[in-house]
Trainee: 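Pasting in a structure now, in structure tokens, and then I'll have a few things to ask.
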Amino acid sequence: MKKWLLVAFTLMMVAFLAACGSKEEATEADTASAEEKETMTVTHELGETTFDKNPKKVVVFDFGVLDSMDKLGIDSVVGVPQESLPAYLDKYGDTEKYENVGTLKEADFEAIHALEPDLIIISARQADMYEEYAAIAPTIHMAVDTTKYMDSFKGNMTTLGEIFGKEDQVKEELAAIETQIEDVKTTVSKSDDKALITLANEGKVSAYGAASRFGLIHDVFGVKQADEGIEASTHGQSISFEYILETNPDLMFVVDRNAAVGGDASAKDSLENELVQKTNAYKNDRIIYLDPDYWYLSGGGLQSVSQMVMDIQAAFE
């Protein structure tokens, strides 16, 4: 009789412990699930978007954001527009790992839909189609406001850190860039040279001043303008070669759009003509061709902004 009672008691204890174990496992699973489903709301230029934090599948149309996600080691990217990828981000052109979701100006919505993304990140080039993106998945607009470049850039990076739980790493990266900027401002402040920023495209030239697309050269780094009357606009102010001679900059910063998008025309061939050769910038060998990967395609990223600072620092050393 006693032996029978002992067996029964043992079986009861085994059942009880098994039930406790299952309960603990269920609790852990529930906690993990709750963490995964923590939501956040981002207010951006096109509205407010609520989505789960730490999204596992992200489609990225802004190369500056892609640059930053790459720097932060975020591996949630599943789709990008693979045409015109900056060379230093060419790993995202691997069709075995990443889906091609169209171009910067023409999205492949069918491909995006098939990915069932948790989040889509767009910028100015895709803004007109925001509703189409948002109909597929939560979509946020994350472009840099060039009228307040650093505030906008740091705000975007802080948001990106919050989305993916990389807040501390973002703070470290931004602090390092701030140090770079202070160094370049010190260097630039010792020079009275005045610069003209231009974009060369198929033999045509546009000028950019403060508060424009490339205006951080003046606004953030402190480089003096050769012409303070340049209108601030997205596509720059159309200028002639006679204007460049008349302005006579001490140095010129040139962004070659053709090099960025694969055109045939060479900015150097069209720009350095007889008129431009009479400027101080040409005579002193100070026409500086900026890497369009960083300046034209992926501005506003942790890697690109750091490289931009180094480019301007090098121009004044």
Side-chain angles (χ1 to χ4, degrees), residues 144 146-147 149-150 177 180-261 263-300 304-317:
V144 173
T146 57
T147 63
Y149 197 99
M150 287 307 295
I177 289 174
Q180 281 185 289
I181 291 174
E182 289 307 311
D183 289 343
V184 76
K185 286 167 66 176
T186 299
T187 301
V188 169
S189 68
K190 298 174 183 175
S191 172
D192 291 325
D193 290 347
K194 296 180 179 179
L196 180 66
I197 308 168
T198 62
L199 175 75
N201 182 29
E202 299 289 350
K204 299 179 180 178
V205 187
S206 300
Y208 291 79
S212 70
R213 181 172 185 175
F214 310 115
L216 80 163
I217 291 177
H218 302 305
D219 302 325
V220 179
F221 307 146
V223 177
K224 297 177 178 63
Q225 290 189 231
D227 177 5
E228 296 187 355
I230 298 172
E231 64 183 58
S233 66
T234 303
H235 300 293
Q237 175 182 311
S238 180
I239 60 171
S240 64
F241 297 115
E242 286 80 4
Y243 165 88
I244 296 175
L245 175 58
E246 182 180 342
T247 305
N248 192 23
D250 298 307
L251 71 164
M252 289 180 62
F253 294 108
V254 182
V255 179
D256 186 350
R257 182 182 180 278
N258 291 320
V261 300
D264 295 327
S266 163
K268 187 179 179 69
D269 290 343
S270 61
L271 189 68
E272 297 186 16
N273 54 41
E274 291 183 357
L275 291 174
V276 176
Q277 288 177 11
K278 295 177 182 177
T279 64
N280 289 340
Y282 181 86
K283 292 175 184 176
N284 296 321
D285 194 23
R286 298 195 72 194
I287 297 179
I288 298 161
Y289 294 88
L290 300 169
D291 189 332
D293 275 356
Y294 297 102
W295 287 85
Y296 186 79
L297 292 174
S298 63
S304 62
V305 172
S306 177
Q307 183 60 49
M308 289 173 177
V309 181
M310 289 191 283
D311 288 346
I312 303 307
Q313 180 79 27
F316 283 85
E317 290 180 340

Trainee: Distance check, rounded to the nearest 0.5 Å: Ile197 atom CD1 versus Ile288 atom CD1?
Mentor: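 So the gap between those two atoms works out to 11.0 Å.
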Trainee: Counting only heavy atoms not in Glu317, do more than 12 sit closer than 6.0 Å to its CD atom?
Mentor: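 Counting neighbours around CD of Glu317, more than 12 heavy atoms of other residues, nucleotides or ligands fall under 6.0 Å, so yes.
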Trainee: Any ion pair linking Asp250 and Lys224 (charged N to carboxylate O, less than 4.0 Å)?
Mentor: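 Looking at Asp250 together with Lys224, the answer is no, because their closest N to O distance does not fall below 4.0 Å.
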Trainee: Please tell me if the side chains of Ile181 and Phe221 come closer than 4.5 Å, counting only heavy atoms from C-beta onward.
Mentor: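 Answer yes - side chains close enough.
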Trainee: So, Thr247 side chain and Pro249 main chain: donor-acceptor pair closer than 3.5 Å or not?
Mentor: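 Flag not set: sc Thr247 to bb Pro249 has no pair under 3.5 Å.
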Trainee: Closest approach of Ala195 and Val223, non-hydrogen atoms and distance?
Mentor: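 The pair with the smallest heavy-atom distance is CB-CG1, 3.6 Å.
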Trainee: Check whether any side-chain heavy atom of Tyr296 lies under 4.5 Å from a side-chain heavy atom of Asp256, and answer yes or no.
Mentor: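 Of all side-chain heavy-atom pairs linking Asp256 with Tyr296, none is under 4.5 Å.
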Trainee: Using modelled atom types and a 3.5 Å cut-off, is there a donor and acceptor pairing between side-chain atoms of Asn248 and backbone atoms of Asn280?
Mentor: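 Yes; judged by distance alone, with no hydrogens or angles, the pair exists.
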Trainee: Between Ser212 (side chain only) and Gly209 (backbone N and O only), is there a donor and an acceptor less than 3.5 Å apart?
Mentor: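 Side chain of Ser212 to backbone of Gly209, a donor-acceptor pair under 3.5 Å: yes, one is there.
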Trainee: If every non-hydrogen atom of Thr146 is compared with every non-hydrogen atom of Asp219, which pair is closest and at what distance?
Mentor: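 Shortest heavy-atom separation between Thr146 and Asp219 comes out as O-OD2, 4.3 Å.
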Trainee: Tell me yes or no: between the side chains of Asp227 and Tyr243, is some donor less than 3.5 Å from an acceptor?
Mentor: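 Short answer, yes.
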Trainee: How are the rings of Phe253 and Phe316 set relative to one another: parallel (under 30°), tilted (30 to 60°) or perpendicular (over 60°)?
Mentor: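 Geometry flag for Phe316 against Phe253: tilted rings.
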Trainee: Do Asn273 and Gln277 have side-chain N/O donor and acceptor atoms under 3.5 Å apart?
Mentor: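 Side chains of Asn273 and Gln277: no pair found under 3.5 Å.
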Trainee: Just wondering, do Val276 and Leu245 contact through their side chains at under 4.5 Å, heavy atoms?
Mentor: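 Side-chain contact under 4.5 Å: no.
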Trainee: To the nearest 0.5 Å, what is the distance between NE2 (His235) and CZ (Arg213)?
Mentor: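 That separation rounds to 8.5 Å.
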Trainee: How about Gln313 and Thr187: does a side-chain donor come under 3.5 Å of a side-chain acceptor?
Mentor: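 A pair is found: one side chain offers a donor N or O, the other an acceptor, under 3.5 Å apart.
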Trainee: Pairing donors with acceptors under 3.5 angstrom, does anything connect the side chains of Ser206 and Gln237?
Mentor: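 Side-chain D/A pair, Ser206 to Gln237: absent.
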